[in-house]
Amino acid sequence: MEPYIYSFIEKSKLSELLESLHCCIELPVQLLDEDGTILEYYGSKSTYCQHFISHLSSRDTCKEIHTTAGKRAMNLGTSYIFSCHSNLSHIVFPLINHEVLFGSILIGPFLMEQADSTLVLDIGKRYPDFTMEDLMELYDDTAEIPQVEPSKVTQISRLLYYLMSNLINDTGEQFIINQKKLHQQAKISESIQMYKTLSVTNTEPYPLDIEKILLSKVKEGNLKEASSVLNDLLGYVFLSSGNDLPTVRYRSIELCSLLSRAAIENGAASSRVFTLNNQFMQNVDDCRSTDELCYAMVEVLTAFMECMFPPAVENNRVIREAMNYIAANFSSSLTLEEVAKHVHLNPSYFSRLFKQSLGASFKEYLTQIRIEEAKRLLDHTEYSILDIAIAVGFDNQSYFTSVFKKKTGLTPGQYRK
């Protein structure tokens, strides 16, 4: 029977990718199924591993360690670098479908530093059946294990993530979800520690001041800070309830009702809010852990705020339209107010949205566009510097020269030479 993984991706395509990866990084690459069984192997198997495995019991297998590492990587939401039971390093990337691990890509073994006697002596402590002669033989075998600088290991790990997460869509989507959950759990843990420092107990009054801050951030449309405050509240709920799931469910429903009222009061369509509220109530019953419940809370918070403010997709469309208008008109005396009017937004709101989306203010972006065009004209035309300054939207040569040097470190004349 064909392994499950090949029902998601063409076998020949995956084989070519893994073979190419092996040739580029010059390390062993394996494709494993959900039980850790090797489906494909590229590279030569090391004598070190063969000698090590020959001394192990049937219960202490590489398959189990590799599968455990794959699950760990799935929970982390990224490629995972780990050391196996023989003290050799590996990188694993999990292959996921519907939140289930059905295989993994394994790179290794390799060393991240020169092997010394401590590597095998540590094995001797954990595996008393190894004689000193066995350990010395293992030490000799380390000479054939490739050594990779830690910085390069990190880059290989990133490469594996980008190659595989885009190859199997469900894996990439699940990684993003897992990363968000892990980040949220860390923030809630920080909140719990804060409340512990303050000696909060289940007899302490509910922090209404934090709840008011949450509502104010929701009304401002500040999702990042609203999510942070929500995690603070959830930390309080966790600590005061003793992490009791039914209690956390009840408190989450209360918070959802509070957020839904705030959304309606600030312009969200009541029909949409009621629908989201009902969906959340149904999801609450399906949550089997407090982690799932907390992530559901952040999702419904995001949904409520999207009802109140333009969603990201609409924002992206507006910014693209603004960028196109700037590209067509940068040579004129273009103003923020003119572009805001073109995209039918209030100038103040457009200014904030523009900087949030592109990481640069309107003025900074416009200046960069003008400088890039000036560089092109300096490189490929014989126009005078004054003509170029006017052509890209500057009023005079002196100001153009000053801005050009600030951005490039050279005057236009120096750049042209």
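Bear in mind that the values here come from a model prediction, so they are computed numbers and not experimental data.
A pairwise comparison of heavy atoms in S86 and I123 identifies O-CD1, 3.6 Å as the closest pair. Residues C49 and P109 share a closest heavy-atom pair of SG-CG, 3.9 Å. The minimum heavy-atom distance between V392 and R370, with the atom names listed, is O-CG, 2.9 Å. The shortest non-hydrogen separation linking L111 to T142 is CD1-O, 4.2 Å. Taking both residues in full, the closest heavy atoms of E144 and T47 are given as OE2-N, 2.6 Å, listed atom of the first, atom of the second, then distance. Closest of all the heavy-atom pairs between A69 and V92 is O-CG1, 3.6 Å.
Atom CD of Q414 is surrounded by more than 12 heavy atoms from other residues, nucleotides or ligands within 6.0 Å. Counting heavy-atom neighbours within 6.0 Å of E382 CD, excluding the residue itself, gives a total of 12 or less.
Under the 3.5 Å distance criterion, with hydrogens and angles disregarded, a donor-acceptor pair is assigned to the side chains of S348 and R352. Side-chain polar atoms of Q368 and E364 form no donor-acceptor pair below 3.5 angstrom. Counted by atom type alone, Y48 and Q50 present zero donor-acceptor pairs between their side chains at under 3.5 Å. Remark: the T118 side chain and the D116 side chain contain an N/O donor-acceptor pair separated by less than 3.5 Å.
The shortest side-chain heavy-atom distance between L366 and I326 falls under the 4.5 Å cut-off. Counting heavy atoms from C-beta on, the side chains of F110 and I91 come closer than 4.5 Å. Put simply, the side chain of I145 reaches to within 4.5 Å of the side chain of S46, judged on heavy atoms. At a threshold of 4.5 Å between non-hydrogen side-chain atoms, the residues Y139 and L119 do not count as touching. A 4.5 Å side-chain heavy-atom check between P412 and L378 finds at least one atom pair inside the cut-off. Proximity of K212 to S216: side-chain heavy atoms (C-beta onward) are nowhere separated by under 4.5 Å. H66 has its side chain out of reach of S104: every pair of non-hydrogen atoms, C-beta onward, lies at least 4.5 Å apart. Residues I213 and D209 are not in side-chain contact: their nearest non-hydrogen atoms beyond the backbone lie 4.5 Å or more apart.
Salt bridge status for R126 with D122: present, with a side-chain N to carboxylate O gap under 4.0 Å.
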| said: Could you go through I371 and T367, starting from their C-alpha distance and side-chain angles, then the distance that decides it, and tell me whether this counts as side chain to side chain contact (heavy atoms under 4.5 Å, CB included)? | reply: CA-CA 6 Å; I371 295 300; T367 299; 4.2 Å; yes
_Using side chain to side chain contact (heavy atoms under 4.5 Å, CB included), reason through E254 and L258 one step at a time and then give a plain yes or no._
CA-CA 6 Å; E254 285 185 332; L258 188 72; over 6 Å; no
Check: When you look at M112 and E149, which way does the side chain to side chain contact (heavy atoms under 4.5 Å, CB included) test go after all the steps?
Finding: CA-CA 6 Å; M112 287 195 280; E149 291 291 327; over 6 Å; no
| said: side chain to side chain contact (heavy atoms under 4.5 Å, CB included) for S15 and Y42? Distances and angles first, verdict last. | reply: CA-CA 9 Å; S15 299; Y42 299 92; 3.4 Å; yes
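Scanning for side-chain hydrogen bond (donor to acceptor under 3.5 Å, both in side chains) contacts around Y365 gives an empty result, with sequence neighbours left out. Under the side-chain hydrogen bond (donor to acceptor under 3.5 Å, both in side chains) criterion, K407 pairs with no residue at all, not counting sequence neighbours. A search for side-chain hydrogen bond (donor to acceptor under 3.5 Å, both in side chains) contacts involving R376 returns E373, not counting sequence neighbours.
The distance from the CG atom of L160 to the CD atom of Q155 is 13.0 Å, given to the nearest 0.5 Å. Interatomic distance, I385 CD1 to T411 OG1, rounded to the nearest 0.5 Å: 6.5 Å. One distance of note links OH of Y383 with CD1 of I388; it measures 9.0 Å at 0.5 Å rounding. Taking OG from S351 and CG from N346, the interatomic distance works out to 10.0 Å, rounded to the nearest 0.5 Å. The line from OG1 of T381 to CZ of R416 is 5.5 Å long, rounded to the nearest 0.5 Å. Between atom OG1 of residue T154 and atom CZ of residue R158 there is a gap of 6.5 Å, rounded to the nearest 0.5 Å.
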Counting only pairs under 3.5 Å, give me each side-chain donor-acceptor contact of residues 330-339, with atom names and distances, residues two or more places apart or in other chains.
{"residue": "S332", "atom": "OG", "partner": "N329", "partner atom": "O", "Å": "2.7"}
{"residue": "T335", "atom": "OG1", "partner": "E338", "partner atom": "N", "Å": "3.1"}
{"residue": "E338", "atom": "OE2", "partner": "Y325", "partner atom": "OH", "Å": "2.7"}

Show me the donor-acceptor pairs, under 3.5 Å and distance only, between side chains in residues 17-35 and residues at least two apart or in other chains.
{"residue": "S20", "atom": "OG", "partner": "E16", "partner atom": "O", "Å": "2.9"}
{"residue": "H22", "atom": "ND1", "partner": "L27", "partner atom": "O", "Å": "2.8"}
{"residue": "D33", "atom": "OD1", "partner": "D35", "partner atom": "N", "Å": "2.9"}
{"residue": "D33", "atom": "OD1", "partner": "G36", "partner atom": "N", "Å": "3.1"}
{"residue": "D33", "atom": "OD1", "partner": "T37", "partner atom": "N", "Å": "2.9"}

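For H85 and F52, the gap between ring centers is short of 6.0 Å.
Pairs of residues two or more places apart, or lying in two chains, that qualify as ring-ring contact (aromatic ring centres under 6.0 Å, His included) and include a residue from residues 386-417 are F394-Y399, F394-F400, F400-F404, F404-Y415.
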